Protein chains: 2
Amino acid sequence: MVRSRVSDAVIRRMPRYYRYLVDLEKNGVERISSEKLGRYTGLTASQIRQDFNCFGGFGQQGYGYNVTDLKNTIAGILGLHKHYQVIIVGAGNVGQALANYTNFKDEGFTVAALFDTQSPPVGTFVNGVLVWPVEKMEAFVREHQVDIGIITTPQSVARKIAERMAEAGIKGIWNFAPVDVSLPEQDVCVENLHLSDSLLTLTYHLNEDPAKKE
Amino acid sequence: MVRSRVSDAVIRRMPRYYRYLVDLEKNGVERISSEKLGRYTGLTASQIRQDFNCFGGFGQQGYGYNVTDLKNTIAGILGLHKHYQVIIVGAGNVGQALANYTNFKDEGFTVAALFDTQSPPVGTFVNGVLVWPVEKMEAFVREHQVDIGIITTPQSVARKIAERMAEAGIKGIWNFAPVDVSLPEQDVCVENLHLSDSLLTLTYHLNEDPAKKE
DNA sequence: TAGATTGTTAATCGATTAACAATC
DNA sequence: TAGATTGTTAATCGATTAACAATC
C-alpha cells in the first residue's frame, strides 16, 4: 500500500478522536482543550496537539478546540464526507454480519451486494442485500462503481479475490481473511483486519508470567 | 490493563509469525532462516531475531529455526496450549457471527453461551449455542469457569457489561463495541477491537492527497 | 489586559536496523 | 573445517513527551 507522509500511528488515532468527539458533541460539549481531551481519551495533550498539527492547526490559542468543528474536520480527513458503495465477497458468518451492521449505514457505507459460491443460496437476500454468484463480481463492480471490497472468504481464496477486485477497479480492500493481502504494484489500499490475531494478543496477556508484569 | 515488559509492538507481531509458521509447516517446510521468514512476512530479519529473543533463543546458529518447534513455542507464548471457555454478550450480527466462527473452535475456544436481553429470543440456539437472558451471566460465569468474555453489545451498555464480567471473575475481555473499555484497577485484560476504526483508516487512505503519497 | 492554551521546536525515549562475534 | 546464521550489542531512526514563545 502507498505510504503517506503522516505516520501510521497518527492515522490510527484519528478514528479514535472522531469517536470521542462524536460523544462529546452528543453530550453538548462545545469546546475542549487538548488536556481535557487527553484525559478523556487516555492520550497526552502534547500528542494530541502534535497529531492534529499533522493536518493543520484546528485550534485557537487560549480557547482550545471547537468540538463540532474539530469533529467535522476529522470526519473530512477520514473521508466521511463521501458515500461509499461496498461489496462483500464471502457470505458466511462474518460477511452476513457486516452486511447487517447498521453502524456502517449510518456513516455513509452502502452494502450493494454480497457474493459467494454457494450458501446462502445465490439469489436470496440477507437483510435486504442480494447474494450474487461470485462470477458476476467484476461486472457488478464496474456497473455500480463500487469503492470498497470486503473480503470475508476462507483464507485459500482471499488473495485471488483481492486481485480480482483490484483488476475490476476497486480502490479499497478491507480484508478479514486470516492471510495478509497486499497489492503494492496496484493503486489499491488494503486494510487487513485479522480477528484471530487480536484474540491471540488477549490470550498472550492472560498467560503472561505475572512476575514480569509491573 | 497490565503492561508487560515485552513491548506491545512485539506482542502484536507474534500472532502473525504464528500464522505464517502454520502455513510453512503445512507446506512441509522444516527449517527457515530469519532472512527467509523476513521475506515471507514482510519484516526484516533483524527485527524477527530481536522479537524472538524477547522470549529466549529459539534458533540455532548456522541452521536457522525449526519450523515446527518455533510454531509450537510461539503457540505456547500466545497461550494456545490451553483451552478457553468463552461467552458472548450481545447476540446481534457480530455476536452471532463469532458464535459460529469455526476458526476459533479449531484453536481451542469454546463458545459456551450467548447472552442478550431480547433477540434472538432467549432460549433459542444459534448454531448450537444457547441464548441466555443477560441477568444469568454472572451465575453462568462462576459455574462454568468462563475465561473470556466477548462484548458485542451496543455502545451504551458495553462498559457496564465489562464491569459485570470483571466482577464475576472473567480475566479477559474482547470488546467489539465502539467504545474503549478499560479496567485498570481490576486484574482483567481487555482487547478492544473497533471495526469502524479499521474501516476509517481505509477511507482515510482512499481520500489521501495523492501529491502527499510517495 | 491577564490567563489560558495552542502551535511548534527541542529533548527524550523507545523501537527498528545494522553489525558482528559466537557457534552450530 | 568452512559457511551459514543466530544472539546480542551498538547505531540509527522515528515517535512521544516536554517546554515555551506566540497569540487568542
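To find a chain, count down the sequence lines: A is the first, B the second, and so on, and within it residues start at 1. These numbers come from a predicted model, not from an experiment.
Here B:E30 pairs with nothing under the salt bridge (charged side-chain N to carboxylate O under 4.0 Å, His left out) rule; sequence neighbours left out. For A:D69, the side chain to side chain contact (heavy atoms under 4.5 Å, CB included) partners at least two apart in sequence or on another chain are A:N66. Remark: A:N192 engages A:N175, A:D180, A:V181, A:V190, A:H194 in a side chain to side chain contact (heavy atoms under 4.5 Å, CB included) (not counting sequence neighbours). Applying the side chain to side chain contact (heavy atoms under 4.5 Å, CB included) test to A:P15 and every residue at least two apart in sequence or in another chain returns A:L78, B:D197, B:L200, B:T201. In this view, A:D51 and A:R13 satisfy the salt bridge (charged side-chain N to carboxylate O under 4.0 Å, His left out) rule, not counting sequence neighbours. Applying the salt bridge (charged side-chain N to carboxylate O under 4.0 Å, His left out) test to B:D23 and every residue at least two apart in sequence or in another chain returns nothing. In this structure, B:D147 has no side chain to side chain donor-acceptor pair (under 3.5 Å) partners at least two apart in sequence or on a different chain.
For the contact set between residues 58-68 of chain B and DNA chain D, defined by any heavy atom under 4.0 Å, the members are B:F58, B:G59, B:Q60, B:Q61, B:G62, B:Y63, B:G64, B:Y65. Only A:T44, A:S46, A:Q47, A:R49, listed by number, bring a heavy atom of residues 24-49 of chain A to less than 4.0 angstrom from any atom of DNA chain D.
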Check: Pairs counted as Watson-Crick or G-U wobble with both distances under 3.5 Å: what dot-bracket string results for DNA chain D, using | for bases tied to another strand?
Finding: ..||||||||||||||||||||||
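Chain A approaches DNA chain D over the interval D:dA15 to D:dC24, counting the first and last nucleotide 5' to 3' with an atom under 4.0 Å from its heavy atoms.
Screening residues 157-167 of chain B for side chain to side chain donor-acceptor pair (under 3.5 Å), with sequence neighbours left out, gives B:E138-B:R164.
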